[in-house]
A.B. asks: 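Got a structure for you, written out below as structure tokens; questions coming shortly.
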Amino acid sequence: MNDHTIAFIGLGNMGGPMAANLAKGGLSVRGFDLDPASRDRLAEHGAYIAESARAAVAGADVVISMLPASHHVEGLFLGDGETPGLLADLPAGTLLIDCSTIAPASSQKLAQAGRAAGIAVLDAPVSGGTAGAAAGTLTFMVGGCKDDLARAEPLLRKMGQNIAHAGDAGAGQAAKLCNNMLLGILMIGTSEALSLGESLGLDPAVLAGIMRTSSGGNWVLEKYNPVPGVMDNVPASRGYSGGFGSDLMLKDLGLALEAAIARRAPVPLGSLAESLYAAHSRAGHGGLDFSSIISLLKGVRA
Ligand code: NAD
């Protein structure tokens, strides 16, 4: 397995630690990101840093991408109408694993183009946050052919703990959108409860401890408390930096709403969550971690 040469494109909050885990696991990693600081961080883990995405994939038999949104992934691999995409450079037999959270339709488009060129494509978005990426404990939700997943699994195991086959191409993204819609709702609901508690004179750490072991317990209270100082090593305790950007949450909620409209599925709370994250972004906080949404609720209360 360690014979693989992996091109890793997109070395941000998630891709950086994921690529570092592959390099630390003894694999040959050729990384690239548009951002020099992200490239430098990966270089510290012994990975080779390429000059461009095109140079990174040269000689790689596996390509992994971790980019912000659909247009980044489509632009990189399928091109923009003028410049051809990277897919044209990949030899038949290459395995392409896109871990970005994007529209299911974009993943299906990429898989179809891959099939035509003899390239195996998996959509494999992740859950577990930056802490899970650093610890190698991510959950992968995979769409695509089972045999291709069997090829990918030893590599995914270097970055994650749980690997679920959701179905055909795009199914990993569909699962991820459902999960993140719930996460957005949970973050807002938990923030609302903690803010109400504070206004009632409760210590947020005490209230969080009570709710964790009560019927309101959830992942946000367990791993990602939005109140500064309640938990170490979460974005709230470092000025809402790093983590999962509010604009990325807004993107995921938008994708969930698009899917819900297409299927006529009622998602009233998902829709409200999208509106609140849009207001938060419009107020200039889109670059802060998504747990900073608590400031919007405190603002309303004040
Ligand atoms: P990020 O903004 O920190 O990183 C994205 C990186 O992609 C940036 O460093 C950017 O420079 C790079 N990039 C963009 N276009 C590029 C291109 N054409 N070539 C090379 N590099 C390019 O974002 P992130 O938090 O790492 O999230 C990445 C994806 O993972 C998103 O789809 C997000 O929704 C998803 N995700 C994030 C988290 C999280 O907790 N941060 C958790 C689960 C899933």
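Every number for a ligand or one of its atoms is a count from 1 in the order of the listing.
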A.B. asks: Determine whether Leu96 and Leu86 make a side-chain contact, defined as any pair of heavy atoms from C-beta on separated by less than 4.5 Å.
C.D. replies: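 With C-beta onward as the side chain, the pair stays apart.
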A.B. asks: Could you identify the single nearest non-hydrogen protein atom to atom 4 (O) of ligand 1 and state the distance to 0.1 Å?
C.D. replies: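 Answer for atom 4 (O) of ligand 1: Gly12 CA, 3.3 Å.
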A.B. asks: Enumerate the atoms of ligand 1 whose separation from the nearest heavy atom of Pro68 is less than 4.0 angstrom.
C.D. replies: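 What qualifies from ligand 1 is 5 (C), 7 (O), 14 (C), 31 (C), 32 (O).
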A.B. asks: Less than 4.5 Å apart, side chain to side chain, heavy atoms only: is that true for Ile6 and Arg30?
C.D. replies: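 The answer is no; the side chains never approach within 4.5 Å.
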A.B. asks: As a check for students: among Thr139, Leu138, Leu67, identify the option with a heavy atom nearest to atom 13 (N) of ligand 1.
C.D. replies: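 Nearest heavy atom to atom 13 (N) of ligand 1 lies in Leu67.
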A.B. asks: Is Leu22 reachable from Val57 through a run of hydrophobic residues whose side-chain heavy atoms are each under 4.5 Å from the next?
C.D. replies: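 Result: no, two separate clusters.
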A.B. asks: Which pairs count as side chain to side chain donor-acceptor pair (under 3.5 Å) when at least one residue sits in residues 241-264, sequence neighbours excluded?
C.D. replies: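 Passing the test, one end in residues 241-264: Asn180-Asp252, Asp247-Ser281.
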A.B. asks: Under a 4.5 Å cut-off applied to non-hydrogen side-chain atoms, are Phe140 and Ile97 in contact?
C.D. replies: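 The answer is no; the side chains never approach within 4.5 Å.
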A.B. asks: For atom 40 (O) of ligand 1, find the nearest protein heavy atom and state the residue, atom name and distance (0.1 Å precision).
C.D. replies: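 The closest one turns out to be Phe244 CB, 3.2 Å.
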A.B. asks: Check ligand 1 against Leu34 and write out every atom of the ligand that is under 4.0 Å from a heavy-atom position of the residue.
C.D. replies: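 The atoms of ligand 1 under 4.0 Å from a heavy atom of Leu34 are 15 (N), 16 (C), 17 (C), 18 (N), 19 (N), 20 (C), 21 (N), 22 (C).
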A.B. asks: Can you pull out the closest protein heavy atom to atom 3 (O) of ligand 1? Residue, atom name and distance to 0.1 Å, please.
C.D. replies: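 Result: Asn13 N, 2.9 Å.
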A.B. asks: For atom 37 (C) of ligand 1, what's the nearest protein heavy-atom neighbour? Residue, atom name and distance, please.
C.D. replies: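 Atom 37 (C) of ligand 1 sits closest to the protein heavy atom Met14 CG, 3.5 Å.
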A.B. asks: Could you check atom 35 (C) of ligand 1 against the protein and tell me its nearest heavy-atom contact, residue, atom and distance included?
C.D. replies: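 Sorting protein heavy atoms by distance from atom 35 (C) of ligand 1 puts Thr101 OG1, 3.6 Å first.
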A.B. asks: Is His165 reaching over with its side chain to a backbone N or O of Gly144, donor-acceptor style, under 3.5 angstrom?
C.D. replies: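 The answer is yes, because a donor-acceptor pair under 3.5 Å joins these two groups.
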A.B. asks: Same cluster or not: are Val234 and Tyr240 linked, directly or through other Ile, Leu, Val, Met, Phe, Trp or Tyr residues, by side-chain heavy atoms under 4.5 angstrom apart?
C.D. replies: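 Each belongs to a different hydrophobic cluster.
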A.B. asks: Students should be able to answer this: which protein heavy-atom is nearest to atom 11 (O) of ligand 1, and at what distance?
C.D. replies: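 Closest protein heavy atom to atom 11 (O) of ligand 1: Asp33 OD1, 2.6 Å.
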A.B. asks: Look only at interatomic distance and state if Ser100 has a nitrogen or oxygen under 3.5 Å from any nitrogen or oxygen of ligand 1.
C.D. replies: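 No, no N or O pair falls under 3.5 Å.
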A.B. asks: If you measure from each heavy atom of Ala53 to ligand 1, is any distance below 4.0 Å?
C.D. replies: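 For ligand 1, residue contact (heavy atoms, under 4.0 Å) with Ala53 is absent.
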A.B. asks: Which protein heavy atom lies closest to atom 44 (C) of ligand 1, and at what distance to 0.1 Å?
C.D. replies: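 Here the nearest protein heavy atom works out to Val126 O, 3.7 Å.
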A.B. asks: Could you tell me if the side chain of Tyr224 sits less than 4.5 Å from the side chain of Pro235, heavy atoms only?
C.D. replies: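 Counting from C-beta outward, Pro235 and Tyr224 do come under 4.5 Å.
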A.B. asks: Give me each pair satisfying side chain to side chain donor-acceptor pair (under 3.5 Å) with a member in residues 117-139, each pair once, sequence neighbours excluded.
C.D. replies: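 As it turns out, the side chain to side chain donor-acceptor pair (under 3.5 Å) pairs with a partner in residues 117-139, which skip direct neighbours, are Thr139-Asn162.
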A.B. asks: Counting from 1, what ligand 1 atoms have a heavy atom of His72 closer than 4.0 Å?
C.D. replies: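 Here the atoms of ligand 1 in question are 15 (N).
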A.B. asks: At less than 4.0 angstrom from any non-hydrogen atom of Lys176, what atoms of ligand 1 do you find?
C.D. replies: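 Selected atoms, number and element: 43 (C), 44 (C).
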A.B. asks: To check your reading of the model: name the closest protein heavy atom to atom 41 (N) of ligand 1, its residue, and the distance in Å.
C.D. replies: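 Here the nearest protein heavy atom works out to Gly243 O, 3.0 Å.
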A.B. asks: Quick check for you: to the nearest 0.5 Å, what is the distance between Met249 atom CE and Thr101 atom OG1?
C.D. replies: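 Met249 CE to Thr101 OG1: 10.0 Å, rounded to 0.5 Å.
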A.B. asks: How does Leu248 reach ligand 1, if at all, at less than 4.0 Å between non-hydrogen atoms: by side chain, backbone, both, or neither?
C.D. replies: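 Side chain only.
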A.B. asks: Go through ligand 1 atom by atom and flag the ones less than 4.0 Å from a non-hydrogen atom of Ile9.
C.D. replies: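 Every atom of ligand 1 under 4.0 Å from some heavy atom of Ile9: 19 (N), 20 (C).
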A.B. asks: Can you tell me if Lys251 has a non-hydrogen atom under 4.0 Å from ligand 1?
C.D. replies: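 Judged by the 4.0 Å heavy-atom criterion, Lys251 does count as contacting ligand 1.
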A.B. asks: Measure the shortest side-chain to side-chain distance between Ser106 and Val73 over non-hydrogen atoms and say whether it is less than 4.5 angstrom.
C.D. replies: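 Ser106 does not reach Val73 side chain to side chain.
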